[in-house]
Amino acid sequence: MKLKTNLFGQTYAFRDVKEVLAKANEEKSGDMLAGIAASGNVERVAAKVVLADMTLKDLRENPVVSYEEDDITRADQDAVSDTVYQQIKGYTVGEFREFLLRESPEKLQAIRPGLTAEMVAGVTKLMSNMDLVYAARKLPVEATCNTTIGRPGTLSSRLQPNHATDNPAGIIASVMEGISYGVGDAVIGLNPAVDTIDSVASILREFDTFTQKWQIPTQNCVLAHVTTQMKVLEKNLAPMDLMFQSLAGSETASRAFGIDVALMDEAYAIMREKKNSTGENFMYFETGQGSELSSDGHHGADQLVMEARCYAFAKRYHPFLVNTVVGFIGPEYLYDGRQMIRAGLEDHFMGKLTGIPMGCDVCYTNHMRADQNDLENLAMMLAMADCNYIMGIPGGDDVMLMYQTTSYHDVASLRRLTGKKPIAEFAQRMQELEILDEAGNLTAKAGDPSLFFAGNETLSGGMAV
């Protein structure tokens with residue numbers, strides 16, 4: 001395995017595969033702060049040259065965290081189909097890139113079982129933004145909870161009705177408004193301000209009552225810690241369609257989140273037994289470049305490789321939803337709009353190549369050098385890449401998490417631009433409620449939550465309507 005190359009009369013030598021991967025990465029502020037990034041564009045190109053000549057076998061045999069010390073490495077390596085791996089292990093990373101851009105969707109999907117996270121990350125580093133969009137379109141992933149996400153011609157959305165105090169009336173008011181814009185076919189999913197068993201159970205019951213009453217075909221989820229959700233299930237306190245957890249790409253970083261592979265295996269088994277949903281996919285995961293660096297769990301590897309390892313972890317549980325919260329961690333890891341856009345396209349492609357139903361929270365924190373135009377640019381490119389779903393939040397401004405993301409209006413605009421619709425059953429119900437027309441566009445009645453008011457009803461918590 002060759003670890004050096006000569007460019008412009010200068011020799012660039014690298015210590016090991018991990019260093020090649022790190023220095024071949026596109027510029028990211030997190031890698032720079034960790035001291036593992038290329039010193040400049042020429043060294044970055046030199047690392048890409050070396051990476052392009054490595055084989056997929058080289059990458060499998062040199063994981064960035066060893067098999068012996070990391071449960072995610074073990075989960076990833078043990079899941080590889082040896083039959084498929086033997087067919088592709090001799091490809092160089094450069095040849096693998098050409099394969100992904102040249103071959104049919106069927107051939108691309110057939111090689112997924114032979115891949116590890118390092119292979120997925122390695123080829124991503126050689127691809128342009130257009131490559132990432134083009135190849136991702138050839139990698140559809142469908143999954144079924146109560147409904148099926150990822151079918152051709154759909155663009156789904158998570159209705160995120162977060163509230164600063166978890167007030168039930170405020171939450172349900174946001175749910176009504178979001179549904180009135182045709183948002184929420186992927187999931188009605190709330191980030192709780194308070195992570196307690198009683199609060200989580202109460203919100204899940206509210207969601208279930210609303211969707212049952214109005215016959216909204218979707219899924220519910222409260223994005224509490226997995227252990228809280230497990231206790232809700234064990235005590236049979238509320239119906240739960242999806243179980244959530246944030247994931248990291250190493251055992252060390254996972255422990256900072258309060259999880260490991262064994263715990264997630266247990267959570268998956270409990271959810272499979274007690275879930276309220278009907279389909280075979282009932283887990284929801286969120287990730288984001290930089291989390292391993294922030295928890296000192298990156299093992300000297302770059303944030304893109306660690307993100308790819310999150311997707312290998314997620315794949316173990318056959319999820320219904322996975323999304324990268326791409327700009328949420330802040331400028332310490334993705335400095336500006338350019339880095340945010342690149343990371344979003346990388347993450348979406350890597351998730352699809354791994355074989356998970358991938359979405360994106362197209363977002364940024366208020367102290368990043370990013371703005372609404374950067375957000376919209378990434379959202380449009382992801383829609384072109386057949387991203388499974390994005391977020392829908394009032395005004396694109398989350399009042400609890402305090403960050404900027406996509407709004408109800410953005411979801412509608414992207415569907416209009418691409419000709420895509422919500423999940424079929426959801427779209428049909430929106431037509432019955434006269435929120436969407438037959439073409440999937442918003443009607444004159446859209447955006448008016450009063451369509452859910454009947455007589456002298458009150459919202460939960462006693463708020464008069």
Salt-bridge contact Glu27-Arg342 (side-chain N to carboxylate O under 4.0 Å): no
Polar contact flag, side-chain donor to acceptor under 3.5 angstrom, Gln219-Thr147: yes
Lys352 with Asp386: basic N within carboxylate O range, under 4.0 Å: no
Mutual orientation of the aromatic rings belonging to Tyr181 and His409 [parallel < 30°, tilted 30-60°, perpendicular > 60°]: tilted
Crowding at CD, Glu98 (>12 non-hydrogen neighbours, <6.0 Å): yes
Criterion side-chain contact (heavy atoms from CB on, under 4.5 Å) against Phe96, the qualifying member of Leu59, Leu101, Leu126, Ile111: Ile111
Donor-acceptor side-chain pairing of Asp448 and Ser450 below 3.5 angstrom: yes
Glu425/Arg429 salt bridge by N-O under 4.0 Å criterion: no
Cationic N near anionic O, under 4.0 Å, Asp185 to Arg415: yes
4.5 Å side-chain heavy-atom contact, Asp265 and Arg316: yes
Within 6.0 angstrom of Glu432 CD, more than 12 heavy atoms from elsewhere: yes
SB check Glu280 Arg272 (cutoff 4.0 Å): no
Sidechain N-carboxylate O distance under 4.0 Å for Asp361, Arg158: no
Electrostatic pair Glu234-Lys231, nearest N-O below 4.0 angstrom: no
Charged N-O contact under 4.0 Å between Asp131 and Arg97: yes
Asp410 and Ser413 side chains, donor-acceptor separation under 3.5 Å: no
Asp76 side chain vs Ala117 backbone, donor-acceptor pair below 3.5 Å: yes
